[in-house]
Every structure is written in structure tokens, then in C-alpha cells.
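The structure displayed is predicted, hence computed values, not measured ones. The sequence lines fix the lettering, A, B, ..., with proteins before strands; numbering per chain opens at 1.
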Amino acid sequence: MTHFTLLPTDRPADALELEMLERWRSERLFERTLAAREGAPSYVFFEGPPTANGRPGIHHVFARTLKDLFCRHRAMKGFRVDRKAGWDTHGLPVEIEVEKQLGISGKQQIEELGVAEFNRLSRESVFKYRGDWERLSERIGYWLDYEHPYVTYTNDYVESVWWALKTLHDKDLLYRGHKILPYCPRCGTALSSHEVAQGYEDVADPSVYVALDLVQAGGAEVPESAVKAGRTLRRILVWTTTPWTLVSNVALAVNPELEYVELRRKDMKDDRTIILVETRVKAVLGDDFESRWERVGSLTGAEMVGWRYARPFDWIAYPDGKEHEVIVGEKFVLADDGSGVVHMAPAFGADDYQAGLRHNLAFLQPVGARGEFPDDLPLVGGMFVKQADPLLIEELKRRDVLWKAGTITHPYPHCWRCGTPLLYYARTSWFIRTSSYKDEMLARNARMNWNPPEVGEGRFGEWLKNNIDWAISRDRFWGTPLPVWVCEQEKTHVTAVGSFDELAQRTGRALPGDFDPHKPQIDAYEWECTVANCTGRMRRTPEVIDTWFDSGSMPFAQWHYPFENAEQFAAQYPADFIAEGVDQTRGWFYSLLAIATGLGDALPNNGSDTAAPYRSVVVNDLVLDAAGQKMSKSKGNTVDPWEVIERHGVDAVRLFLCASSAVWVPRKFDERLIREQAVRALLTLKNVYSGIFAQYANFGWTPGADDPAPAERPLLDRWMLARLATVTQRADAALTGYDATAAARLLLDFFDDDVANWYVRLSRSRFYEMETADNRAAFATLHEVLVTYCRLLAPFAPFITDWLHRELTGDSVHLASYAMLTSQPVPEAGALETAMEAIRTLSTLGRAAREQAKIKVRQPLSRLLCVAPGASEALLRDLAPLLAAELNVKQVDFATSGDALVTLEAKPNFRALGKKFGKLTPQAAAAVESYASEHLRTFEHGDALMLTVEGVTHALDAEDFTIIRRAATELVVEEHGGFFAALDPEVTPELRQEGLARELISRVQRMRKEAGLAVSDRIVLTVVGGDEVRRMVDHHGPWIASEVLASGLSFADDPDGRYHAAQDADLDGIPARIAITRND
RNA sequence: GGGCCUGUAGCUCAGUUGGUUAGAGCGCACGCCUGAUAAGCGUGAGGUCAGAGGUUCAACUCCUCUCAGGCCCA
């Protein structure tokens, strides 16, 4: 006989999960699930590779749960879902980790250590945390092939990336440029826009106004001041938040279209004027400036173009042949802040640089790669530029050009890894010309199924519209080396190398067996320039590439395409599905798209009319702490996933993460809520299995041919199966549509509400008496429900569902399909669900009526009169016994319009009436509501009903209003939404007696329990009491005996003999004494 | 300053294409059950749907603005 193991109750939350993990491992279950789908159509998933240089946190659990969830669902739907793990192993994060470990900092110290040694340590460091990631991923049930991961530093991977870069180069999409880039002086490298995006922080910076002397205006020399010796009469006001760039000032910019004003002090102690943009006068000089200043004149920006001024610092000589100390007109100058005059330092600002090119301005760059001024500069020589600000402000004051100095708090980009404020800095860099195929990226993006859509259209789409070329080179050490060789004599002679073979060919000798494409080894490869008549040598450009280019290459590089696995890659591209956090919008989501679009038909299935490289993407938002604060180490509010999992089990954590709110809304991580929602839901599942199903099935039920066919089972069972089919279909649809939250909530609600709280509760007694048809029907139905529910829930809670599914069927749930166990359609399923819904509504109303009448459910009552609109009357009648039992009434009647006690009312349907009557809807509705009962009765009999409102006449039909039946009686009435339950509160002597019998049964059951009797133990029951008790026992004796498993029941005047238990009882106000003895 | 999201009961969240008593869980109050029992169930009280305008016969729902919070960008 099958034995269903009961769930142990007293074990830690995670004990069962740890057991399952061990089982999965020893069975190699993941591999078996893949093997089971051999030859099936593929559902392609790309794993975004985590950087294994920090411990995974709870937000990683979230993202990985989502990835796992949809992959499991599709696998159960019959797809083959390969899931290759991957590791992002290059880049600054790794280098910084090594620097920390060595206690060194910056490029210089790395070079002192030796790049070879540094990169050796980097390679080792990468997997310092790999164990953590693998253990946690396994623990949370994230199924991924960790035995064959792609690793971005391997030779194969690097070679594929080289191929991609060369392909882009051949398409003229890779070029070297000179641009102002955000630059981290500590790390010594430029950052890409998506890296910069991660590091904005509010900081206090100087806000400095300087007043610079104009020396030439409108072609004439500006006269000297009579008051201030050596100064001119006119000055222009300039604003900056980076005083250190004033050292490199070469020009001022005004907006030609803006109005500027010239002002002079009224007191004449100073005869000099100042010029600034009109709209900023009050902000700069104060609201009351008119009491102190007089307007000398106004002028447009255009008028000032070409004027000359004297720069604030004159330490650096201007190069010959370039313009300097001149006012230029630029439209990017705004009047929102400052003075409407912008100082230009072309080396330190993107706008400045462009203006410099347009106006042939001098280019001063007195700042080294470490962000320091040269040693020979006066005053601030050798200082880090930002630290030099206070000294420079002092110097401005000393020179009497400082107008005012304060501080301003504004967001400023910082290095996302080391926190150093970034400098905008002119650098040579390699770029991918992404802006040249921006439109195609947008077109592909529009074809992608974004969840939620607004991230694709808004956040990502808007950003793509403003796409700028991707600066992919990094002046660092541990990364994929840029496979570009440049002629030392002529920089335009450039060769991109696309494979290791090609490298060998170029150099003319085979690569060594231990060939390592990383720095510094790779830098030793060089050859003679092959351009005709050129005698230069080709040397590798020293940079490595942005690690985002590595991860964005994973679709092909994970297969070492195009050197190997072409067929496999073609079958695994593009991805059907990826999922990452919203922070990847400009990270991986972008790099995948930018690379795939740039490569175009160099990749299979990658036409411009596709959604490649990924068809669907699910974006999850942040995990906040319980108070809604962002988690951060500095706040100390991070959550250790291991601790949470140990406390609640990961099934509960996964369920909570999916169900608590839409995954693309930031969710608060509150353990209290995990307990309330997920732990409780799983507990109900376990209770129903152990406490109802397994416990009693073990008395002798196993699934088999003796079970009645679904069509033969009671209506309650058929309803349950109909619901199950509906829920199966809906959960499947939700997951197919990538709505994890809807699916999770649907499933949790279904089990709690429909299964546990309705089907099981109403069926409980059916499980006690074995081997009847009804008993077999109940077990078969509950078995099917449990098995199917395990399958539906398995993608969310893979542990407990697998344990249960194995107990129930002998097989792992993860080898099952996402479908019902048997799935024979239930006739009239929809009507049955509707009718049961009505019964449940009436049950609520009936209970409310009992509360209102203050009659407890144990006291039987004679009659409940109901109205249930919209449900099949035949089904309602068939279901009525359930309602009668639930409410403990002898009879349930459904009112019909013909009943004498019933009056009819019409409830208008505004939606339908609105279409007919438009503006007259309120009047029409009022008219409908006022219809008399008799009038409605004739309508029910088929008479037409015409309604005229203010001369407008329409025929009304059944859609335009709902007829509500009300019983005009003395009964206790509750109603809601057209549903109506009227309870007859009269307790007749017979009912009273039966109520007492129920009281007695209840008492005895409690005593049995307190006496420690098993549910199957037989007893002898003795009851002592007055006449009323005697009559009750006489009348209901057999029933009482069968309910409490009494083989003997006697009434006595006087207690006698020895009992297992005896007690005085108050049976609803009537004293009695009850004694029981076990009958062995 | 720009883009996107969010604001509904004490708390966490639902609320279909606008349709007239705005729902659930938790918590709370009261009660039931005692064959799921270190469980289970019911009933009830809680909301001017952030605020102000507008469109409409009708707005939690659509539009505009404001406020508050969040993410991303300048």
C-alpha cells in the first residue's frame, strides 16, 4: 500500500530544502530535465554574467529568482531551456579589488609592481567570490549550468571578442578619437557614459563669480578706470563651479540671443561697470540691486562677440597661432544659473572643446593623468586640482577679480568604483560609431517585448535617441586587450586583428602553447607596417576594452563563435528572454544591443527586421529595506540572503519577492511580510497535504481505477476541478506574458481560498470514511488538485513542490509538465464556477445574518431564503445542500419572482443605459429605479418595456437593468450587490434539541482530545442530566454515537463507575455531566 | 532642468476598455471551531482613492497643473 509521508512539523524552515538540494545533486536532476527535452524546440535564455568580485546580496536573489522562474516555466511547457552560467571577469572592479588586497593605489604603483604580476593576481581574484555566488545560486534553486560556464577572460572568449572588434573595424565602426571624457584620476581611466551614470552624488562645490576686465570692446580699447589703478572701466562677470579650470581659461562664451546689461555702482567709489545676463541680475546682485546699482546700458550677446578681456591667471603661455582671451558666441550658454557668461577651458569640458574647435581657440591642459597640476606651476604646483580650489579662490581675491565665492550643492559624477570625483578631461580614446546606427537600434528596441513597456520606450528608448558614440577603450591593465595595432610612424596605418591565427600570421611565427592574449604579453607582438613605402613598426595600442563590451559579446563569445559551434550558436540566438535589474538599462541591455546591431549580418538570425539580440526582457527594480530606504553598506541596512533563507526557507523568499508587488516596482523587503504572505501560504499547502490528505489517505486510499471518473463525482469535486483548470490556464497565461506577480498571487489566492478554505473545509468529513465512492472521489480530486498545484507553483517554490509531487506521484515535479494531472474537461465548467461563486457569496451573507440574529452556527435553523442573480438556477439548487450544511439550516430556497413574499426592483446598468440615453442617463436610471414590482413582473413575462425621458424613447432590454428580488418578510436579511439572504431565526423545540445534541457532540469531541484518544478509538459515553438532556439523548442518540465513535451511549441520573474522563458541562445553558471511557 | 515610475484602509498591495455600495491580506475588535490543533474559520469597524482644476450624463480610472517619494539622466 502506498504510504504518503507526512511532513515533519518540528524542523527548521530550511531543513527540507537542504535535503532536496542533496537529492537534486545526487540525481543530477537539472541535467535530467535537459535530457528529457532533447530535441524539443529551444527557449533561449541569456544569463547576464555577474562580476564575481563581491558577495551576492538579496537583490541578486531577486533577479536570479525571476530568471529561474521563467526558465522553469518554459521548461515545464516542453521547451528545451539551456542555461549556461557566465562570469564577467575583467575590468576595473577586479583591479580595484586587487589594489585593495595589495594595499596599493593607482596606475603608477601597479606599474611598479609589474603588470604581469598584477594581472596574475587579478585572474586569481576573480574567483575569490565565485564560490559564494555558486553556493547561493544553488541554494536558491537557480538552475544554471555551472559546469560549463562562459568566462570572459578565457582565450576562446577573448578571441571571439577580437573577432567582433575587427568586424566592427572592417565596417568602419571603430575609430580613434579625441574627446572630452569623464575621467577618473585615481583609476587613471576614462569612463563610459553608462559607468558615469552609476556614480552621480550630491556634493558641495565652490560657486565662484569672477569679474574680468574687458580690454577691447567693439574694436576700441576700453579706457582705464580713474579709481582703480591699472584696471579698465568695464568688466564682465563669469561664473564657474570649477575654479581650477580658470588656470586654463582661453575664452568666454555668451549666448548671442540673450540680453545682457551693464551696471555701475551708484556711489561712484568704483567707476567700473559689470556686465551680466539680464535675467540673472536679481539672483546675483540681490532683489534690491536698484538701490545700489544703476543701469548704464543693455546689449545683446551678439554685440559682445569678438570683445577681448584679461584672463584671471596668466601662468601658462598660450601657444602661437591660436585665439585666446576673446568672447565667443555659443548657443549652449544658458541663463538659468551663473551670469550668462561661461568660461571656456577646452581641455576640461565637452562644450568647451567643441567651441575650441569652432573658434580656433588655444588648448591648455596643465593637468596630468593623476589630476594634478604640474610641479612648476606657481602656488598650486603638484596639487590635485580639486584640492587647489581654495588656494585659487584666495589668489583671485588677492588679484581683485573675485566677485563673490560660495558653495553650491549639486549632483556631480564620481567614479562608480572608487568614489573619486570625475574630471572632464580631453583624452584620446577608441570609439564605436554607435550613433551611426542609432536608428536601427531604436527599431530593434521597438520590436522587443519590454516588461514593463515604459522602460523600453522611456528610460531606454529616450536614452537611445540621444546616443553618442561608445568610448570603449580603457587605459588599464586587466581586460580584453584592444586588438588594434598602429604604425609608429603613421598613425593612420591601423590593423585590427580578428583571431589568434591572424596574429600569428602577422608576426610570422606560431603562437606559443601557453599563449596569453592579456597584457603585458600581448604588447610584445609587433611587426613591420605593410603599407607600401612605410618603414614603421606596428605596435599594439596599449588600451584594454570596456568590460561591458565583454559581457555584451556573450551571445556569440560564449560559444567561441565564429571559430566553433556555429550551429549551436545559430540555434541559441537571439535570446527569447533575458532578465536583469533596471540598473542594467545602460549596461548590459545596451551593450548587447549596441554590439549585435553593429555586427549586423555577421551574426546569424540578426537581420535588421528582428528584435535581436533579445525578444523579451523583464526588468526588476530595487529591493529596499523594510522602511523603503535603499539598501547600502554605509547605512547598514543590507540584508544577508543566507540569514533570511535560513529563517524562512527560500521557497518563501522567492514567493514573497514575486508576489509582494509588480517586479518592476521597487519592493520593500520586510521579513514580517514574508511570514504573513509566503510562509503562511506554504504552511496551508503543507497542512492540507499532511493534515488532510496524507493522514487519511494512509488509511487505505491510493489513486486507481476504483476512483469515480470526474463526471461521476459530486458537484463540489467537479467545481474544484473546473476551478483548477481555470487557474492552470490563467497561471500559464500570466507566466507566458512574463507577469510573475499576477501568476504568484493567483496561485496563492487559489489555494488559500478555493482549495483550503472551501473545497477542503466542506469536504473534510468525506475523508474520514474510507472506501466509499464519495470518499474515493474526494481523495482523487484532492490528489489531482495537490499534484497540479505543485506543478503550477514549482517555478516559484521549487523545493516544497518537488517534495510533495514526489510523495504524490513518485516523480519529480521538475520533470512534469505545466498542466493538470489528468485534465478531463468538466461539463458546464463556467456555469458551475459562477454558481459556486454565488453560493459562497450567499454563505457570507448567511453568516452575517446569523451574527445579526446572534445565533451561533451550531444551532440548526429551519430556512434560508436566497436570491442569486446571474447564476444557473438548476446548478444553484444542486449546490444548495452545501450552503445548507455550511450555514446549518434545514432548507435553502431560492426566491422566484412568483413568490408572494417577493418584490422586484430594477437596478439600472449605467454602462448600457449610457449608450442609449447619453446625457439623459441619470433621469433614465432614476426612472428605471422607480419601476413598480408589478411592472417588472410583466417585463419578466416577456412584455416589452419602453422608456421615455424628455421625449426620447428607447426600448429597454435585459441588459439595461438587473432585476433584484427582495423578500418582504420578517426574516433576518443581509444583502450585497443583488445577492440576498434571508434567515428564519425561529428556534423551534426540535431545532433546539438538535442544537443541544450538537453541543454535546462538541463537548465529547473535546474531551476525547483532552483524554488523548486517537481519532479512531471507540468509547462508551454516559450522559447525566435533566429531562431536556434525556429527551435530546433519546432522540438523537444514534447520531451522537456515530459522530463521537461511541459504541455505547447511556443516559443516567447519576454518574457511576470509573471513566477515562468526566466533566460537568453547560450545554447552552443546560447543566449536564458527561463521562467517557475508552472501549478497547 | 529633462525622462520614467509611484501616491488607494493603521501596514502591504489589487482595482480590466470611465458605469454608481472602491476590494484583499495583515493588524485591530468581537466571535466560532476543536478529526489541519504550537493549527483552522467567521463577522465587523477602518478609505473626501495625495491635492487642485478640466473633459464627460458619469472619473480611483482620461487630460492639465501642484505637492510628496523613488529611479535614471543632464
Could you tell me whether the phosphate oxygens of B:rG42, OP1 or OP2, come under 4.0 Å of any side-chain nitrogen or oxygen in A:N757? yes

Between B:rU17 and B:rC62, how far apart are the two C1' atoms, rounded to whole Å?
12 Å

Taken in chain and number order and not counting sequence neighbours, the residues that satisfy side-chain contact (heavy atoms from CB on, under 4.5 Å) with A:N451 are A:N449, A:V618, A:W664, A:Y738

Looking for any heavy atom pair under 4.0 Å, which part of the strands does A:S690 touch: base, sugar-phosphate only, or nothing?
nothing

Do any N or O atoms of the protein come closer than 3.5 Å to N or O atoms of nucleotides 62-64 of chain B, and which pairs are they?
none

A:K668 atom NZ is separated from B:rG7 atom P, nearest whole Å, by 11 Å

Pairwise P distance for B:rG19 and B:rC33, with rounding to whole Å: 42 Å

- Once the angle between the rings of A:W803 and A:Y689 is folded into 0 to 90°, is it parallel (under 30°), tilted (30 to 60°) or perpendicular (over 60°)? perpendicular

Every stem of 3 or more Watson-Crick or G-U pairs under 3.5 Å that RNA chain B joins, in order of first number, is B:1-7 with B:67-73, B:10-13 with B:23-26, B:28-32 with B:40-44, B:50-54 with B:62-66

| task | For A:A912, report the nucleic acid contact type (base, sugar-phosphate, nothing); a contact means any heavy atom under 4.0 Å. | result | nothing

Separation of B:rG69 atom C1' from A:R667 atom CZ, nearest Å, is 17 Å

A:N909 atom CG is separated from B:rG18 atom C1', nearest whole Å, by 13 Å

The side-chain contact (heavy atoms from CB on, under 4.5 Å) partners of A:H954 (sequence neighbours excluded) come to A:K916, A:F917, A:V952

task = Quote, to the nearest angstrom, the C1' distance that separates B:rG31 from B:rA45.
result = 14 Å

Protein-proximity profile, nucleotides 20-32 of chain B, B/S/- by nucleotide at the 4.0 Å heavy-atom cutoff, equals BB----S-----S

Looking at A:K465 and A:E462, does any basic side-chain N land under 4.0 Å from a carboxylate oxygen?
-> yes

Quick check, are the ring centers of A:F589 and A:W450 under 6.0 angstrom apart? yes

(request) Would you confirm whether the ring centroid of A:F767 sits within less than 6.0 angstrom of the ring centroid of A:F693? (result) no

- Query: Can you tell me if A:N620 uses its side chain to pair, donor with acceptor, with the backbone of A:V663 under 3.5 Å?
  - Reply: no

Hits for side-chain hydrogen bond (donor to acceptor under 3.5 Å, both in side chains) against A:T953, two or more places apart or cross-chain, chain-then-number order -> A:T948

**Asked** Which word best sums up how the rings of A:F750 and A:Y789 line up, parallel for under 30°, tilted for 30 to 60°, or perpendicular for over 60°?
**Response** tilted

